[in-house]
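All ligand and atom numbering here is 1-based and tracks the order in the structure. What you see below is based on every heavy atom in this structure, not just the backbone, and it leaves out hydrogens, waters and symmetry mates.
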Amino acid sequence: MNEITVMAPAKINLCLSVLGRRSDGYHDVEMVMQMVGLYDEVLISRKGTGVTVYCDAASVPSGEGNIVWKAAAALLKRSRADSGVAISIKKNIPVAAGLGGGSSDAAAALCGLNILLDAGLSREELAGIGAGLGMDVPFFFHGPFALARGRGELLTRLPPPPRFWVLLVNPGFETSTAWVYQNINLRLTKKVDCNNIVGLSVRHIAANVHNDLETVTAAAHPVILKVEEALMDQGALGARMSGSGPTVFGIFETEKGCRAAADSLSGRNWRVFPVEALTASPLEVYHTK
Ligand code: ATP
């Protein structure tokens with residue numbers, strides 16, 4: 001095998017609770033994360049020596065600045081591979097949007113390289129390499145539905161909830177995760193227990209979606225609250241910002257309801273993606289143990 005294409009799914013945070021600041025500069029968080037059916041495509045070929053990465057999105061660096069480059073370099077070093085790799089990324093997931101696109105691309109690259117280079121690494125080993133690249137990367141080895149703790153790197157896989165649909169609404173600008181965390185006021189966060197969202201009906205999940213980062217992003221970009229309102233007006237069972245934003249998701253029980261809401265919101269200046277919450281991870285097949 002000389003070439004492999006891996007589909008890298010987006011994630012949403014059904015619950016994101018910031019518990020406190022740590023001495024290492026990060027924050028302790030509790031998050032319930034869910035993979036959704038919007039994918040980047042990561043094409044990997046054996047080629048030459050070293051790592052080359054091309055990304056088709058204007059705002060994302062090609063080459064060493066891409067998180068996928070760092071992932072590939074780490075895996076090549078670990079597996080002592082004798083050939084190089086060329087990786088091409090087709091971005092469909094909005095960038096710097098709270099949907100974990102870069103982290104997912106990195107996880108997909110690690111998965112694809114594990115097979116292509118016959119590296120034989122386990123899910124835990126791949127997730128460990130991923131944790132060194134970004135705190136959202138390990139989730140993509142434990143999805144489709146998981147609880148994250150610590151800085152986000154301590155994962156507990158959860159049994160998938162009943163099927164549901166998600167309307168992603170991206171208001172068309174980027175946010176910086178670092179900026180949002182720098183501006184959070186921990187005296188104002190609710191210290192919600194994200195476990196409360198797990199194991200129950202879609203309606204229960206939708207009624208309990210939570211994100212401590214939302215007040216920070218929405219203070220700078222009030223459109224976030226407008227999008228939430230619009231989603232609820234269109235029949236969403238619950239709506240919240242994902243990650244550090246600005247993408248907002250609405251939860252729907254049926255595909256029909258989700259697509260109808262997408263149609264009525266698509267007339268505005270927003271990008272809308274009606275997608276299914278995944279009940280299996282597309283990356284599952286690439287781990288060896
Ligand atoms: P998270 O939800 O995990 O905080 P995000 O979805 O908000 O992440 P990303 O889309 O992963 O953010 O992008 C964050 C930054 O990483 C961007 O500024 C982008 O230029 C950079 N980046 C590097 N490699 C990639 C990649 N493969 N895809 C997207 N962004 C990348």
Between [X] (side chain) and [Y] (backbone), is there a donor-acceptor pair under 3.5 Å?
X: Glu276; Y: Gly37; answer: no
X: Thr217; Y: Glu214; answer: no
X: Ser62; Y: Cys55; answer: yes

Ring pair (Phe, Tyr, Trp, His ring centres under 6.0 Å) partners for His210, two or more places apart: none

Side chains of Lys191 and Thr189, donor plus acceptor under 3.5 Å: yes

Put together the list of close N/O pairs, under 3.5 Å, between ligand 1 and the protein, could you?
from, atom 1, to, atom 2, distance (Å)
ligand 1, 2 (O), Lys11, NZ, 3.2
ligand 1, 2 (O), Gly100, N, 3.2
ligand 1, 3 (O), Asp136, OD2, 2.5
ligand 1, 4 (O), Thr177, OG1, 3.1
ligand 1, 6 (O), Gly98, N, 3.3
ligand 1, 6 (O), Leu99, N, 3.1
ligand 1, 6 (O), Gly100, N, 2.8
ligand 1, 7 (O), Ala97, N, 3.3
ligand 1, 7 (O), Gly98, N, 2.9
ligand 1, 10 (O), Ala96, N, 2.8
ligand 1, 11 (O), Gly102, N, 2.8
ligand 1, 20 (O), Ser59, O, 3.4
ligand 1, 24 (N), Asn66, OD1, 3.3
ligand 1, 24 (N), Ile67, N, 3.1
ligand 1, 27 (N), Asn66, OD1, 2.9
ligand 1, 27 (N), Asp105, OD2, 3.0
ligand 1, 28 (N), Lys91, NZ, 2.9
ligand 1, 28 (N), Asp105, OD2, 3.4

Salt bridge (charged side-chain N to carboxylate O under 4.0 Å, His left out) partner of Asp105, the single match among Lys91, Lys70, Lys90: Lys91

